[in-house]
Amino acid sequence: MTETKQPKSWRDVIKVHPAADMFPMMTADELKALGEDIKKNGMRTRVAVIDGPDDKPILIDGRNRLDAMEMVGLEIVLENVAMLACCRKCDAGFDPYTYVISANIHRRHLTAEQKRELIAAVLKAQPAKSNRTIAKQTKANHKTVGAVRDKLEATGEIPQLAKTVGADGKARKPPAEKAKPEAVDLPIQDPPSADWDTEQDRWQFSVGSFAGDAIAMKAFFDKHFPAWREFPVPPELLTLVNQAAESWRMFAGELKAKKG
């Protein structure tokens with residue numbers, strides 16, 4: 001007599017769509033807390049599935065909820081926890097990636113790195129979408145999407161396309177990027193090899209050097225870190241930069257008063 005192998009997990013029964021894997025999973029502690037909440041209060045947001053080619057359900061949203069239920073011993077009956085987001089047979093235009101992003105982007109707190117990983121996942125799945133379309137979907141800056149695209153194209157992970165498709169469905173050539181000004185070292189003269197001629201020479205050279213460093217910092221970040229505006233700013237770093245800016249404002253005021 002042949003024994004029927006019983007599934008050990010819902011994942012043995014329900015296939016997960018690649019679109020669902022674009023967002024990171026919760027930690028074990030977070031899953032347990034979610035499972036206990038579902039056990040106590042029920043599932044507030046039902047998971048979403050679509051019909052697969054063989055009429056078997058494919059999960060597009062709800063991995064964490066099902067894992068959480070399984071972790072705390074709740075029985076998973078698909079009819080009780082799932083909603084039919086769309087049937088491929090009756091709506092060929094349904095886009096699982098658009099659905100998943102729309103369902104998750106507002107309820108997830110993504111770090112800058114996770115946001116870039118999400119953008120990369122969308123680009124790998126749908127490289128023909130324009131940077132602005134993906135930026136709108138992922139709530140990101142289109143320049144950030146462009147930087148991620150450039151990296152993926154350079155490594156051969158996505159193809160280089162002559163045209164991309166915008167939100168209106170029309171294919172267009174990507175707009176030519178405006179050339180960014182090159183970050184250059186300011187022409188500061190080397191200090192004299194001998195002793196300074198006067199103390200005035202010494203302080204003027206020092207002020208010029210420090211001011212040049214401050215000006216060059218902005219150009220350096222614009223050239224080497226095009227997505228730096230998307231990064232989170234630690235409070236202590238913002239305080240330090242504000243102190244530096246205030247010091248320069250006060251110093252400039254002193255120099256202007258002295259000149260007058």
Give the intermediate values and the outcome of side chain to side chain contact (heavy atoms under 4.5 Å, CB included) for residues Asp21 and Arg63.
CA-CA 9 Å; Asp21 290 326; Arg63 299 165 305 156; 3.1 Å; yes
Side chain to side chain contact (heavy atoms under 4.5 Å, CB included) assessment of Met26 paired with Asp67
CA-CA 10 Å; Met26 290 181 174; Asp67 275 353; over 6 Å; no
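Within the 3.5 Å criterion, the main-chain N or O of Ile105 finds no donor-acceptor partner in the side chain of Lys139. Using modelled atom types, one side-chain atom of Thr138 and one backbone atom of Ile134 make a donor-acceptor pair closer than 3.5 Å.
Here the NZ atom belonging to Lys39 is positioned 12.0 Å from the CE atom belonging to Met71, to the nearest 0.5 angstrom. Note that CD of Glu36 is 8.0 Å distant from CG of Leu74, once rounded to the nearest 0.5 Å. Distance OG1/Thr133 to CD/Gln126: 10.0 Å, rounded to 0.5 Å. Atoms NZ and CD, on Lys129 and Gln137 in that order, are 3.5 Å from each other to the nearest 0.5 Å. Taking CD from Glu117 and CG from Leu110, the interatomic distance works out to 9.5 Å, rounded to the nearest 0.5 Å. The CH2 atom of Trp10 lies 11.5 Å from the CE atom of Met69; values are rounded to the nearest 0.5 Å.
Using a 4.0 Å cut-off between charged nitrogen and carboxylate oxygen, Arg249 and Glu246 count as a salt-bridge pair.
You'll find the side chain of Lys124 reaches within 4.5 Å of the side chain of Glu157, heavy atoms only. Contact of the Thr144 side chain with the Lys115 side chain is not registered, since no non-hydrogen atoms from C-beta on lie closer than 4.5 Å. Phe23 is listed as a side-chain neighbour of Val100, based on a closest heavy-atom distance under 4.5 Å. Using a 4.5 Å cut-off on side-chain heavy atoms (C-beta onward), Ser130 and Val145 make no contact.
Shown here for Thr45 and Arg65, the closest heavy-atom pair between the two residues is O-NH1, 2.7 Å. When all heavy atoms of Pro57 and Val49 are compared, the pair lying nearest together is CB-CB, 4.3 Å. Here the shortest heavy-atom pairing between Thr164 and Pro127 reads CG2-O, 4.3 Å. Closest of all the heavy-atom pairs between Gln114 and Pro24 is NE2-CG, 3.7 Å. Pairing each heavy atom of Ala48 with each of Tyr99, the nearest pair is CB-OH, 3.4 Å. In plain terms, the two heavy atoms of Ile60 and His17 that are nearest each other are CG2-CB, 3.8 Å.
In the hydrophobic clustering of ILVMFWY residues, with side-chain heavy atoms under 4.5 Å counting as a link, Leu66 and Met25 come out apart.
Side-chain atoms of Glu113 and Thr111 form no donor-acceptor pair, as typed in the model, at a separation below 3.5 Å.
Each of Lys143, Arg149, Lys136, His142 was checked for a side-chain hydrogen bond (donor to acceptor under 3.5 Å, both in side chains) with Asn131, and the lone residue meeting it is Arg149.
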